[in-house]
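In what follows, a structure is listed as structure tokens, so that the remarks can point back to it.
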Number of protein chains: 2
Amino acid sequence: MSAISERRERERAHRHQLIITAARELAETEGWEAVTTRRLAERVEYSQPVLYSHFNGKDAIVSAVALDGFSELAAHLRRARQAAPEPGEALRAVCRAYLEFATERPALYQAMFILPTDLKFASAETPPPLRAGFDEFVSCFSPDNERRELFAEVTWSALHGMAVLSDSGRIPSDGQEERLDFLITQIAGTPMRPTAPQGA
Amino acid sequence: MSAISERRERERAHRHQLIITAARELAETEGWEAVTTRRLAERVEYSQPVLYSHFNGKDAIVSAVALDGFSELAAHLRRARQAAPEPGEALRAVCRAYLEFATERPALYQAMFILPTDLKFASAETPPPLRAGFDEFVSCFSPDNERRELFAEVTWSALHGMAVLSDSGRIPSDGQEERLDFLITQIAGTPMRPTAPQGA
DNA sequence: GACGGCATCATAGCAACGCTAGACATCCTG
DNA sequence: CAGGATGTCTAGCGTTGCTATGATGCCGTC
């Protein structure tokens, strides 16, 4: 392999990332429905077929953006967890960071959770960033808790529901803080015990 | 207004519903990506422009399907709640019914919560069926609970998250029952109290 | 009962979409 | 310097949501 080939490969990798960031920026400023292969090609100053030499199709581009998003989300959650004053506040900090991420980068969040992508979940070939983000939730629960994964799944589900329902206006977008408070208290505040009549 | 006009209006209303059910059936058997205006027109044995004399566009058609879905969901939840053996079991019954609805009618659920629609939420012109479904959750909590709406919002969010994340394979689709159990116990099992270190 | 007016419907077409085959140029290799 | 491979663009295919135009048939009126 000559040095020239290496340079070409570098350029190619650079252009690969250029396409991804262009797609993301376009989505963040004008929404995903504005991200067409033509506009994207024009934006990176190449013709359409170049996109298809890098990605199998539009879905693959969206998937690449989503994958970047998962990495950022994992890092964002990790930062929040480690910055928590005490371990008991870790869950709250991570949950708040999650909602923050979803509301501040709605287009990115859409790519990760709503748009059709090629990403494989909950399987052997699940990309590490996905698992990493999930693990941040798991880490908020005591290691000797046998059901921390279950806790994490439900917490994540609730947060995702809150994020997407409020973003689409199905629940009022204020009151999000109050809902978060309630969720944290109920999930983390008390150990499980047999069902009792409904609350306060 | 002559009798003839009345008949035409009846026929028109009938055809209106025909379009909606055709769209729904097509979506349920082949998925929403197979629901194109051409295929839909062929299915109802009219030409494309007829669709546009009934609906403003494709989004309006899926909105109509979604609206029907909200009615059915509300009825489904209501049945479940009223069939609960005791009031303390109402919440569990409604939540289980919700997940049942989402998993058994995935296309319909998509129209209601994922696809872009024209429906207005959480405002004055919110269609009654939407509010009715939400109220079934609210009714599961004690009337003297000042925050039942908040409870209902969080419960709904969690269920929606579970439904959509498991449907898209982001969390394993078995274990749904276990997650439901955990959610119910945490939401309804204990009144709120100040945050304590994380659970069992 | 024939006729003008109106509402209804289908044919045909537009712009934009994702995607691809083929021609063209460019650069490395022998 | 010629030959071949690599990379890129132009042009176009089939399909999408949506609509302007023209034909068809029914209604109310003289």
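In what follows, chains are A, B, ... by sequence order, proteins preceding strands, each numbered from 1.
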### Message
Classify A:Arg15 by what it touches in the nucleic acid, base, sugar-phosphate, or nothing, heavy-atom distance under 4.0 Å.
### Response
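Touches sugar-phosphate only.
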### Given B:Gln186, B:Glu178, B:Arg179, the one that forms side-chain contact (heavy atoms from CB on, under 4.5 Å) with B:Phe182
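Testing each of B:Gln186, B:Glu178, B:Arg179 against B:Phe182, the sole residue satisfying side-chain contact (heavy atoms from CB on, under 4.5 Å) is B:Gln186.
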Please report the distance, rounded to the nearest Å, between [atom1] in [X] and [atom2] in [N].
X       : N      : atom1 : atom2 : result
B:Tyr46 : C:dC9  : OH    : C1'   : 9 Å
A:Leu51 : D:dT8  : CG    : P     : 12 Å
B:Ile61 : D:dC18 : CD1   : C1'   : 11 Å
A:Asp59 : C:dC17 : CG    : P     : 16 Å
A:Glu45 : D:dC9  : CD    : P     : 11 Å
A:Lys58 : C:dA16 : NZ    : C1'   : 12 Å
A:Glu11 : D:dT6  : CD    : P     : 17 Å
A:His54 : C:dC19 : NE2   : P     : 16 Å

### Query
Quick one: does B:Gln48 reach the base of D:dC18 with a side-chain donor-acceptor pair under 3.5 Å?
yes
### Query
According to the ring-ring contact (aromatic ring centres under 6.0 Å, His included) rule, which pairs have a member within residues 27-50 of chain B, sequence neighbours left out?
none
### Query
Does D:dG17 have OP1 or OP2 sitting under 4.0 Å from an N or O in the side chain of B:Thr37?
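Yes.
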### Task
Return no unless some side-chain N or O of B:Ser47 is found under 4.0 Å from OP1 or OP2 of C:dC9.
no
The side chain of [X] lies closest to which of these nucleotides: [options]?
X       : options               : value
B:Pro49 : D:dT16, D:dC9, C:dA10 : C:dA10
A:Tyr52 : C:dC19, D:dT19, D:dT8 : C:dC19
A:Arg38 : D:dT8, C:dC17, D:dT16 : C:dC17

### Those residues that, when tested against B:Arg96, pass salt bridge (charged side-chain N to carboxylate O under 4.0 Å, His left out) (two or more places apart)
B:Glu177
### Message
Aromatic contact between B:Tyr109 and B:His160, with the criterion being ring centroids under 6.0 Å apart: yes or no?
### Response
yes
### Query
Just checking, any donor-acceptor pair under 3.5 angstrom between side chains of A:Arg38 and A:Thr36?
no
